[in-house]
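Notes to accompany the following structure.
Quick caveat: nothing in here was measured; it's all calculated off a predicted structure. Protein chains get the first letters and strands the later ones, always in sequence-line order, with residue 1 at the start of each.
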There are 2 protein chains.
Amino acid sequence: MNAELLKGHLDLLLLAIIAERPAHGYAIIACLRERSAGAFDLPEGTVYPALHRLERAGLLQSRWAPGAGRSRRIYEITALGAEAMQERRATWGAFARGVQAVLGGAL
Amino acid sequence: MNAELLKGHLDLLLLAIIAERPAHGYAIIACLRERSAGAFDLPEGTVYPALHRLERAGLLQSRWAPGAGRSRRIYEITALGAEAMQERRATWGAFARGVQAVLGGAL
DNA sequence: TCGCTCTACCTAGTATTGCTATGTATGAAC
DNA sequence: GTTCATACATAGCAATACTAGGTAGAGCGA
């Protein structure tokens, strides 16, 4: 999967996963890989900065939790984040319909 | 429509439109706006550089044609471009399915 | 014990790419 | 003769995903 394709859409994916259930970064990466059947196999350098960005924006909040090995940072969605996710879902729908409309016309 | 969403997907849209029928930049912009029902109302500073990039990459070729007013630069797709378009269509499909799979799991 | 692997986190720097702003040019309309 | 629509172009900006590298704990096999 090309690098640029994801731009602007990553936030929605992260918000959607975390909205369903609070999770830590590594688990989110695994979840994305599994759900997309390998299509989204994102490097850590992509996901961690994005999570930090979303937290700074107030869409997520995090807490540290001790784990079996190293401590984990658990992210959960905020009220603001839930709102933003709904907006981004709608935007994704409009975007995908737009692309289909352009491609469909070119069949 | 947010700026970043389009990243990486613009090439496919341009290739698809030009593959259907050779066209000049301004007409492509109008076509995108119409087909997407206003969702893709792209500024010229987005489209022209993208067309130049695609031509440099050998996916498009252009010729100047005199028009009613100012001369137009007509782009058409190359064999390489047609191949690239098929690939990018498939990639778009995989991407869209991937997003749906992630979002669907979070319903 | 040493190295390897898996989990788990982090960040500096890079590259790509779409957008803003601005400029040029033609012709029609008012 | 100014404005508008058509039509092209580019320099600089901003956003963001990725590369590459680092830290750290725990288990496993030679």
Side-chain angles (χ1 to χ4, degrees), chain A residues 1-15 18 22-34 36 39-57 59-60 62-75 88 91 95 98-99, chain B residues 1-15 18 22-34 36 39-57 59-60 62-75 88 91 95 98-99:
Chain A
M1 182 78 56
N2 188 294
E4 307 293 327
L5 297 183
L6 203 57
K7 287 214 172 152
H9 302 286
L10 177 59
D11 292 3
L12 169 60
L13 297 178
L14 297 179
L15 289 171
I18 296 168
H24 63 284
Y26 208 77
I28 292 168
I29 290 172
C31 181
L32 277 168
R33 190 169 43 231
E34 282 158 28
S36 69
F40 300 142
D41 191 5
L42 307 184
E44 304 174 1
T46 292
V47 173
Y48 288 119
L51 290 171
H52 298 165
R53 179 160 41 79
L54 291 171
E55 186 170 23
R56 271 201 310 278
L59 308 187
L60 295 178
S62 70
R63 57 188 157 81
W64 283 95
R70 182 170 175 175
S71 283
R72 298 162 171 182
R73 189 165 181 173
I74 310 286
Y75 288 91
R88 281 157 199 258
T91 303
F95 176 77
V99 173
Chain B
M1 182 76 56
N2 187 295
E4 306 294 327
L5 297 182
L6 203 56
K7 287 214 173 152
H9 302 286
L10 176 59
D11 294 2
L12 170 60
L13 297 178
L14 298 179
L15 289 172
I18 296 168
H24 63 284
Y26 208 76
I28 292 168
I29 291 173
C31 182
L32 278 168
R33 188 171 42 232
E34 282 158 27
S36 69
F40 299 142
D41 192 4
L42 307 184
E44 305 174 0
T46 293
V47 173
Y48 288 119
L51 290 172
H52 298 166
R53 179 161 41 81
L54 291 171
E55 186 170 23
R56 272 201 310 276
L59 308 187
L60 296 178
S62 69
R63 59 189 155 80
W64 283 94
R70 179 169 178 177
S71 283
R72 297 162 171 181
R73 189 166 183 172
I74 311 286
Y75 288 91
R88 280 157 199 259
T91 303
F95 177 78
V99 173

**Report entry** Candidate nucleotides D/dA17, D/dA7, C/dT7, ranked by approach to the side chain of A/Leu10 - the nearest
**Finding:** D/dA17
Query raised in the report: Of the nucleotides D/dC18, C/dA8, D/dA9, which one has an atom closest to the side chain of A/Leu6?
Result: D/dC18
Query raised in the report: Does A/Tyr75 or A/Lys7 map to a spot on DNA chain C nearer the 5' end, using the closest nucleotide for each?
Result: A/Tyr75
Query - Whichever of A/Glu4 and A/Ser71 has its nearest DNA chain C nucleotide further upstream toward 5' - result: A/Ser71
**Report entry** Contacts of B/Ser62 that satisfy side-chain hydrogen bond (donor to acceptor under 3.5 Å, both in side chains) - sequence neighbours left out
**Finding:** B/Glu55, B/Arg73
Report task. Assign B/Gly45 to base, sugar-phosphate, or nothing according to its heavy-atom contacts below 4.0 angstrom with the strands shown. Result -> base
Report summary line: All heavy atoms of A/Pro66 vs all of A/Ser71, minimum pair found to be CA-OG, 4.0 Å
Query raised in the report: Quick one: are A/Leu54 and A/Ile18 in side-chain contact, heavy atoms under 4.5 Å?
Result: no
**Report entry** B/Lys7 side chain reached by A/Leu6 side chain, heavy atoms, under 4.5 Å
**Finding:** no
For [X] and [N], what is the distance between atoms [atom1] and [atom2] respectively, to the nearest whole Å?
X	N	atom1	atom2	answer
A/Arg53	D/dA17	CZ	C1'	9 Å
B/Leu42	C/dT17	CG	P	16 Å
B/Arg72	D/dC8	CZ	P	8 Å
A/Arg63	C/dA8	CZ	P	15 Å
A/Asp11	D/dA17	CG	P	6 Å
A/Leu32	D/dA17	CG	P	12 Å
B/Phe95	D/dA17	CZ	C1'	12 Å
A/Trp64	D/dG25	CH2	C1'	13 Å

Determine: side-chain N/O of [X] to OP1/OP2 of [N], distance under 4.0 Å, yes or no.
X	N	result
B/Tyr48	D/dA9	no
B/His52	D/dT10	yes
B/Arg73	D/dA9	yes
B/Arg70	D/dA5	no

**Report entry** Upstream residue (5' side of DNA chain D) when A/Pro49 and A/Gly69 are each assigned their closest nucleotide
**Finding:** A/Pro49
Query raised in the report: How many angstroms lie between CH2 in B/Trp64 and CD1 in B/Ile74, if you round to the nearest 0.5 Å?
Result: 9.5 Å
